[in-house]
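Residue numbers start from 1 in every chain, and the chains themselves are labelled A, B, ... in the order their sequence lines are given, proteins ahead of strands.
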Amino acid sequence: MRFDLEIDPLDLGQTLGCGQTFRWRAAPDGTWAGPLGDQFVVLRKAGRRLIVEAKPGGRHVRKLVRKHLRADDDIDEVHRVLGTDKVLADGISQLKGLRIVKIDEWECLASFVLATYANIPRITKMIETLSTRYGTRIAGGVRAFPTHSQLARATSHELMKCGLGYRAQYVKTLCETIDEHQLEHLRTLPYEKLRKELVELPGVGDKVADCVSLFGFGRLEAFPIDVWIERALARLYGRKGNYSKLRAFAAKRFGPYAGYAQEYLFYNERLHAPNGSCLFSKEERK
DNA sequence: GCCCAGGAGTGTG
DNA sequence: CACACTCATGGG
């Protein structure tokens, strides 16, 4: 099936290729393709419109795409609020098309547990391998990220063979600790309570809890701090300190849209990096 | 080969 | 509380 809808501003590369989500792939013709729920979706921007092609299709695809791209976010409002920060204002004018993405809670949780101390190309590969081996086939060779029960069937030894390294045990224990019912409960919590419960999970520390709060549970006030954000805060604001200190600074400075501020900072800090941005693996880049 | 990665867990002072 | 150390590994 094929249809179009209005989501604007939206830059697919800035949004789907900036390390929030790991399963979208850019084609040379400018389209972006990836699994979304039970669909294989191809996206293309045409002016203010977004052209969507989906297999196998269905009534719910429009809602799926709108939710994933957070179509109801008021980007003008975000920029109006964050633009009052003169340090941030310089860097964000070219990033109006970057939207925070809304990922399935379980997929997001597992993905960012995998993301600990690995670079983005490697994270992408780990997730790809898990999907290939344990996920449900959607269309062609594309498979969905494995559900909790699908992934729970894997032994830690099998997970090791997927190239997860020491993260295999995190994932294994995570599967044994959490269930769908608990995920349902977490959805009801406000950000502070949510992150508090998330850090109790195995393999989930401050940073992963904030990534999952932001991308998985859609709490826009979350501000994940990784090595790149640490550098950005030091370089642009002269701020250093431990996680809770930096987090408090971000909350005060960026308020309810700290998540967007974080993504703008992350994007620019990576462009600022010496060896290019490393957003994609070599294979994907050519 | 070397360096580093969207860190977390654990132990110690 | 703050550090220090370890964890397993592949992409650049």
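Of the residues in residues 159-180 of chain A, those with a non-hydrogen atom less than 4.0 angstrom from any atom of DNA chain C are Met160(A), Gly165(A), Tyr166(A), Arg167(A). Within residues 240-262 of chain A, the residues approached by DNA chain C to less than 4.0 Å at the level of any non-hydrogen atom are Asn242(A), in residue-number order. Taken residue by residue, residues 98-111 of chain A places no heavy atom nearer than 4.0 Å to DNA chain B.
Here dC4(B) presents its C1' atom at 13 Å from CD1 of Ile120(A), a figure rounded to the nearest Å. Computed from coordinates, the Glu230(A) CD to dA8(B) P distance equals 11 Å when rounded to whole Å. Distance CG (Asp206(A)) to P (dT10(B)): 15 Å, rounded to an integer number of Å. If you measure from atom CD1 of Ile123(A) to atom P of dG12(C), you get 13 Å, rounded to the nearest angstrom.
Within 4.0 Å of Glu263(A), counting heavy atoms only, lies at least one base atom of the nucleic acid. Within the nucleic acid shown, Val113(A) has no heavy atom closer than 4.0 Å to any nucleic acid atom. Nucleic acid contact class of Ile229(A) (heavy atoms, under 4.0 Å, all strands): base.
Note: His79(A) and Tyr264(A) meet the aromatic proximity criterion, with ring centroids under 6.0 Å apart. Taking the six-membered ring for Trp, Phe112(A) and Phe22(A) have ring centres closer than 6.0 Å. Centroid-to-centroid, the aromatic rings of Tyr237(A) and Phe249(A) come within less than 6.0 Å.
Phosphate contact (OP1/OP2 of dC4(B), side-chain N/O of Arg122(A), threshold under 4.0 Å): absent. At least one side-chain nitrogen or oxygen of Lys125(A) sits closer than 4.0 Å to the OP1 or OP2 atom of dG11(C).
Remark: Arg270(A) qualifies as a cation-pi partner of Trp228(A) under the 6.0 Å distance and 45° angle criteria applied to the six-membered ring.
The aromatic ring of Tyr117(A) is stacked on the base of dG7(B), with the two ring centres less than 5.5 Å apart and the planes inclined by under 30°. Evaluation of Phe266(A) against the base of dG6(B) yields a stacking contact (centre distance < 5.5 Å, interplanar angle < 30°).
Here the CZ atom belonging to Arg66(A) is positioned 10.5 Å from the CG atom belonging to Leu50(A), to the nearest 0.5 angstrom. Considering NZ of Lys96(A) and CD of Gln14(A), their distance stands at 12.0 Å, rounded to 0.5 Å.
Separating the C1' atom of dG10(C) from that of dG9(B) is a span of 22 Å, rounded to the nearest Å. The separation of dG11(C) from dG1(B), taken at their C1' atoms, amounts to 14 Å, rounded to a whole angstrom.
Using a 4.0 Å cut-off between charged side-chain N and carboxylate O, Glu269(A) and Arg235(A) make a salt bridge.
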